[in-house]
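The next block holds one structure in the form of structure tokens; read it before the comments.
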There are 2 protein chains.
Amino acid sequence: MADGTGGLARAVLREQLRERLLARILDGEFAPGERIVESHVMKEYGVSQAPVREALRDLEAMRFVESFPHRGVRVRLISERELAEMYPVRAALEEVAGRAAAPVVTDDVLALLEDEIEAMRAATRDDDVHAVLVHDARFHEIVFEAADNALLLEVWRSLHAEIRALVTYTRVRVGLADIVESHVPILQALRQRDPALAGKEMRHHIEHFGALAFTAREEDESPARPD
Amino acid sequence: MADGTGGLARAVLREQLRERLLARILDGEFAPGERIVESHVMKEYGVSQAPVREALRDLEAMRFVESFPHRGVRVRLISERELAEMYPVRAALEEVAGRAAAPVVTDDVLALLEDEIEAMRAATRDDDVHAVLVHDARFHEIVFEAADNALLLEVWRSLHAEIRALVTYTRVRVGLADIVESHVPILQALRQRDPALAGKEMRHHIEHFGALAFTAREEDESPARPD
DNA sequence: CCGTCCTCGATTATCGATAATCGAGGAAGC
DNA sequence: GCTTCCTCGATTATCGATAATCGAGGACGG
């Protein structure tokens with residue numbers, strides 16, 4: 001539905017199931033690659049098969065699971081190759097977001113971004129990797145929301161599955177602090193309301209970590225990777 | 001499902017229905033804004049409600065229809081605003097595709113692109129707007145396929161609904177010939193295997209027509225309604 | 001007259017049951 | 001011993017029927 005359900009209209013089983021299942025996937029209760037069996041979900045939640053199937057199909061559209069006819073659904077296992085493919089796409093989208101957001105960003109939004117950076121710093125002090133990544137993602141999402149382009153936001157959100165998979169693959173080769181502080185130039189560019197600069201900073205931010213992720217990986221045998 | 005069903009596994013009602021319905025939407029048999037009633041589709045194809053619902057949900061994920069709980073599905077009516085939002089997103093994606101494709105493009109692919117341009121020229125001679133747009137879209141799709149980035153291709157395809165809506169809104173202010181010939185620099189850049197140039201040409205190509213579409217529209221301020 | 005409440009047909013959401021398909025494991029043939 | 005075929009339990013795909021919801025139109029009170 002494009003939903004986002006900012007509004008009302010709750011209590012459609014399919015939607016509730018979708019949220020529940022998604023939460024369980026994100027919590028890792030359903031591990032990547034693991035099957036999700038319709039009949040099990042039915043019994044667990046005491047509902048019928050139809051809403052379960054539709055919820056799973058929603059998750060499929062969100063790229064969190066994949067399905068094959070007569071063989072059911074499994075949590076998507078995102079390969080390193082797919083992750084590598086994500087970087088240029090994401091970098092391009094983030095640049096667009098930065099450009100679009102810079103001229104229209106409000107002080108409120110800047111404050112929110114500041115808060116997220118603060119939250120990341122706090123999480124870094126606690127060495128809480130998960131929290132850092134959550135606030136990291138939220139920081140970027142705020143910029144996309146500020147860009148005031150519904151399509152752009154939606155496309156970016158469709159990469160959630162991949163973005164989240166970074167957690168799995170990111171052996172921390174980069175200090176958490178580096179990740180956190182690399183957001184500061186973005187915020188500054190937005191403060192200056194400089195579209196070109198904000199776009200550039202967003203792009204560089206993504207490309208930087210993309211490059212790190214893969215130069216760091218070169219060493220340990222990367223499969224199917226022509227130079 | 002990621003499907004694309006390059007492979008086998010046919011004959012799942014939901015998929016067949018999805019294809020049929022999509023074809024009818026694209027043919028304009030279901031007009032934008034028109035409702036698609038589950039029970040009608042059921043009877044028409046002699047199937048039950050479940051596969052119809054799932055097919056419609058697939059189409060929703062593809063952004064061709066939209067749905068609201070208890071109020072059914074209607075063919076998405078893409079506003080000019082949404083169309084305007086598409087241009088920066090598409091421009092960014094096309095640049096990525098051009099960059100990625102240039103270094104790895106084969107002579108076969110270049111020949112295919114040449115063919116599409118030829119087909120566009122022929123269609124122009126016949127003044128067949130629809131055919132021009134079809135080959136136009138195909139040209140771009142070939143570049144995305146050549147870029148060898150499944151995610152990029154998938155994201156681009158998710159804009160199909162919007163791209164197609166251009167047909168509706170594009171009162172021909174630009175000569176068909178201009179559209180056609182504006183593809184030539186892209187092909188040349190790819191021939192030279194110059195990533196930066198190919199990316200730049202792709203981007204400019206989109207931005208050019210985006211700008212045209214909206215400077216041309218400023219004047220009449222029509223709120224989403226062709227006459 | 002005008003706004004509110006209610007009813008009712010149309011439609012969607014969910015259910016429970018049946019049919020079709022898959023894959024693992026065992027039997028039969030070589 | 002190995003391959004091929006077949007059976008069977010598990011699971012998905014589809015069906016037909018029921019429950020819940022919506023919105024238009026009419027009855028009602030002011």
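Chain naming here is simple, since letters A, B, ... match the order of the sequence lines and numbering starts at 1 in each. Keep in mind the model is a prediction, meaning the values are calculated, not measured.
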Exercise. Please check the phosphate of D:dC15 (OP1 and OP2 only) for any side-chain N or O of B:R53 closer than 4.0 Å.
Key: no
Quiz item: Please give, in whole Å, the distance from C:dT14 P to A:Q16 CD?
Solution: 9 Å
Self-check item: B:I36 CD1 to C:dT11 P, straight-line distance once rounded to whole Å
Solution: 14 Å
Practice problem: With side-chain contact (heavy atoms from CB on, under 4.5 Å) as the test, would you mind laying out the steps for B:Y45 and B:R20 before giving the verdict? | Solution: CA-CA 10 Å; B:Y45 291 100; B:R20 296 291 199 105; 3.6 Å; yes
Quiz prompt | Length of the CZ-C1' vector between A:F68 and C:dT21, whole Å | solution = 16 Å
Quiz item: Any idea how A:F144 and A:W156 line up, ring-wise: parallel (<30°), tilted (30 to 60°), or perpendicular (>60°)?
Solution: parallel
Quiz item: In terms of side-chain heavy atoms of B:H70, which of D:dT11, D:dC22, C:dC15 is nearest?
Solution: D:dC22
Exercise. Please tell me which of B:A50 and B:S39 maps to the more 5' nucleotide of DNA chain C, matching each residue to the nucleotide holding its nearest heavy atom.
Key: B:S39
Quiz prompt | Spacing of A:H40 atom NE2 relative to D:dA10 atom C1', expressed in whole Å | solution = 8 Å
Exercise. State, to 0.1 Å, how close A:I186 and A:F139 come at their nearest heavy-atom pair, and which atoms those are.
Key: CG2-CE2, 4.0 Å
Quiz item: Hey, is the side chain of B:R35 poking within less than 4.0 Å of OP1 or OP2 on C:dT12, counting only N and O atoms?
Solution: yes
Self-check item: Residues in side chain to side chain contact (heavy atoms under 4.5 Å, CB included) contact with B:E34, at least two apart in sequence or another chain
Solution: B:F30, B:A31
Quiz item: How many Å lie between CE on A:M42 and P on C:dC15, as a whole number?
Solution: 9 Å
Quiz item: Given atom CD of B:Q49 and atom C1' of D:dT18, what is their separation to the nearest angstrom?
Solution: 11 Å
Self-check item: Nearest to side-chain heavy atoms of A:V47, which nucleotide of C:dC15, D:dC15, C:dA13
Solution: C:dC15
Quiz prompt | Among C:dC22, D:dC22, D:dT14, the one nearest A:R71 by side-chain distance | solution = C:dC22
Quiz item: Between the side-chain atoms of B:E54 and the base atoms of D:dA13, is any donor-acceptor pair under 3.5 Å?
Solution: no
Practice problem: Could you walk me through whether B:E145 and B:E141 pass the side-chain contact (heavy atoms from CB on, under 4.5 Å) test, one step at a time? | Solution: CA-CA 6 Å; B:E145 288 169 353; B:E141 187 172 43; 3.7 Å; yes
Quiz item: A:L17 has an atom CG; how far is it from atom P of C:dA13, in whole Å?
Solution: 14 Å
Quiz item: When only distance counts, do a donor and an acceptor, one from the side chain of A:E38 and one from the base of D:dA13, lie under 3.5 Å apart?
Solution: no
Exercise. With the side chain of B:S48 defined as its heavy atoms from C-beta on, choose the nearest nucleotide among D:dG16, D:dA13, D:dA17.
Key: D:dG16
Quiz prompt | Separation of D:dA19 C1' from A:L13 CG (nearest whole Å) | solution = 12 Å
